[in-house]
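One structure below.
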Amino acid sequence: MRRILLLLVALALYGPLVAQEQLTTAYFPAVGDTLRVSDADSLWAASLDYQLTGGADLTWDFPAPSTATNLSLPVRAADNPDFPTAEIVIAPDIFNTEYYRFDGDTLNLVGTTTRLEVFPSFEVSAAVEPARAERRTDLMVGDAFTTVSTAVVIIATDSLPPEGRALLPEPILANVDSFRITTVSTRIDTVDAFGTVNLGMNTYP
């Protein structure tokens with residue numbers, strides 16, 4: 001449900017471009033901001049007409065959302081030497097931290113740190129290559145973007161916590177000096193609608 005709400009907000013933000021208003025980097029997060037993220041109640045979400053066919057000058061007239069959970073995410077200055085080009089950092093949950101830099105009309109994800117739920121004290125870092133655009137400006141309806149990114153994590157066998165080593169057979173521990181985990185992700189962004197979102201008494205053009 002969070003993805004749908006973020007999509008609707010994005011659609012609302014894209015709209016002013018066609019109305020000759022300029023979407024600028026002012027909507028990018030900055031150090032000191034606090035991002036508010038809510039998961040909508042599933043019953044409330046099921047009642048909405050998302051107008052998924054898209055189009056121009058649309059209006060999404062929704063009642064005030066009923067939220068199941070609410071999060072406040074502070075935006076901090078990046079200070080991880082693993083990601084020297086990062087400018088801001090956001091932690092969406094207790095296990096993951098995301099590092100971003102600003103490149104003109106894009107806000108790009110350059111790296112992440114994560115902790116496995118079974119080993120909450122063990123942190124690994126992975127650079128995202130090439131950096132992946134998470135927000136853009138200068139958009140028009142019909143624009144489409146595809147980004148293929150790779151993140152590589154290398155974990156030295158000797159650095160595994162005892163509970164992790166206990167999960168591996170002795171021959172691996174004795175003969176493998178490190179593990180390499182590669183993740184490839186494809187992100188496809190398409191601007192297919194614009195307009196105004198009404199959420200209760202609040203309007204987002």
Side-chain angles (χ1 to χ4, degrees), residues 1-7 9-10 13 25-40 67-137 145-169 172-189:
M1 180 58 215
R2 185 183 302 174
R3 286 185 177 180
I4 292 175
L5 287 180
L6 289 175
L7 171 63
V9 172
L13 289 171
T25 57
Y27 96 108
F28 289 172
V31 173
D33 288 349
T34 298
L35 306 182
R36 310 293 183 184
V37 179
S38 298
D39 285 324
T67 58
T69 59
N70 296 284
L71 298 175
S72 295
L73 307 178
V75 180
R76 299 180 286 107
D79 58 359
N80 189 328
D82 288 344
F83 313 112
T85 65
E87 297 173 69
I88 62 171
V89 57
I90 302 170
D93 55 59
I94 62 173
F95 294 111
N96 298 285
T97 304
E98 300 171 345
Y99 295 82
Y100 299 88
R101 73 166 182 250
F102 303 102
D103 292 310
D105 60 356
T106 60
L107 172 66
N108 290 317
L109 177 68
V110 297
T112 64
T113 60
T114 187
R115 293 176 175 85
L116 301 178
E117 189 169 356
V118 291
F119 311 135
S121 62
F122 183 66
E123 182 179 88
V124 294
S125 298
V128 177
E129 297 289 349
R132 186 174 70 224
E134 297 292 323
R135 295 195 185 191
R136 300 176 184 271
T137 64
F145 308 91
T146 300
T147 305
V148 179
S149 298
T150 301
V152 177
V153 174
I154 299 176
I155 304 173
T157 304
D158 290 343
S159 71
L160 288 171
E163 57 269 37
R165 295 176 63 87
L167 298 175
L168 299 172
I172 290 181
L173 293 174
N175 296 289
V176 176
D177 60 6
S178 64
F179 298 89
R180 180 187 179 98
I181 303 171
T182 301
T183 302
V184 179
S185 64
T186 300
R187 178 180 175 124
I188 300 173
D189 297 307

Mark yes or no for whether [X], through its side chain, and [Y], through its backbone, hold a donor-acceptor pair below 3.5 Å.
| X | Y | value |
| --- | --- | --- |
| Arg132 | Thr186 | no |
| Thr67 | Asp39 | no |
| Glu123 | Thr113 | no |
| Asn80 | Asp82 | yes |
| Asn96 | Asp93 | no |

Taking all heavy atoms of [X] and all of [Y], pick out the closest pair and write down the distance.
| X | Y | answer |
| --- | --- | --- |
| Ala86 | Tyr99 | CB-CB, 3.8 Å |
| Pro81 | Pro84 | O-CD, 3.6 Å |
| Pro130 | Ser149 | O-OG, 3.0 Å |
| Thr112 | Glu98 | CG2-CG, 4.3 Å |
| Thr25 | Gly104 | CG2-O, 3.4 Å |
| Arg136 | Thr106 | NH1-CG2, 3.9 Å |

From [X] [atom1] over to [Y] [atom2], what is the distance, rounded to the nearest 0.5 angstrom?
| X | Y | atom1 | atom2 | answer |
| --- | --- | --- | --- | --- |
| Leu160 | Leu167 | CG | CG | 9.0 Å |
| Asp177 | Thr157 | CG | OG1 | 6.0 Å |
| Glu129 | Thr150 | CD | OG1 | 8.5 Å |
| Asp189 | Arg135 | CG | CZ | 12.5 Å |
| Thr137 | Leu107 | OG1 | CG | 10.5 Å |
| Thr114 | Phe122 | OG1 | CZ | 11.0 Å |

Q. Would Ser72 and Arg36 count as having a side-chain donor-acceptor pair, cut-off 3.5 Å?
A.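 On atom types as modelled, these side chains qualify, holding a pair under 3.5 Å.
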Q) Do the side-chain N and O atoms of Ser38 and Asn70 include a donor-acceptor pair separated by under 3.5 angstrom? A)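 Yes, side-chain donor-acceptor contact under 3.5 Å.
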Q) After noting the C-alpha distance and the side-chain angles of Val89 and Phe83, does the key distance pass the side chain to side chain contact (heavy atoms under 4.5 Å, CB included) rule? A) CA-CA 10 Å; Val89 57; Phe83 313 112; over 6 Å; no
Q | side chain to side chain contact (heavy atoms under 4.5 Å, CB included) assessment of Asp33 paired with Ile88 | A | CA-CA 11 Å; Asp33 288 349; Ile88 62 171; over 6 Å; no
Q | With Pro29, the side chain to side chain contact (heavy atoms under 4.5 Å, CB included) member among Leu73, Thr34, Val75 | A |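 With Pro29 as partner, side chain to side chain contact (heavy atoms under 4.5 Å, CB included) holds for just one option, Val75.
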**Q.** Partner of Phe179 by side chain to side chain contact (heavy atoms under 4.5 Å, CB included), out of Ile172, Val153, Ile154
**A.**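 Of the listed residues Ile172, Val153, Ile154, the side chain to side chain contact (heavy atoms under 4.5 Å, CB included) partner of Phe179 is Ile172.
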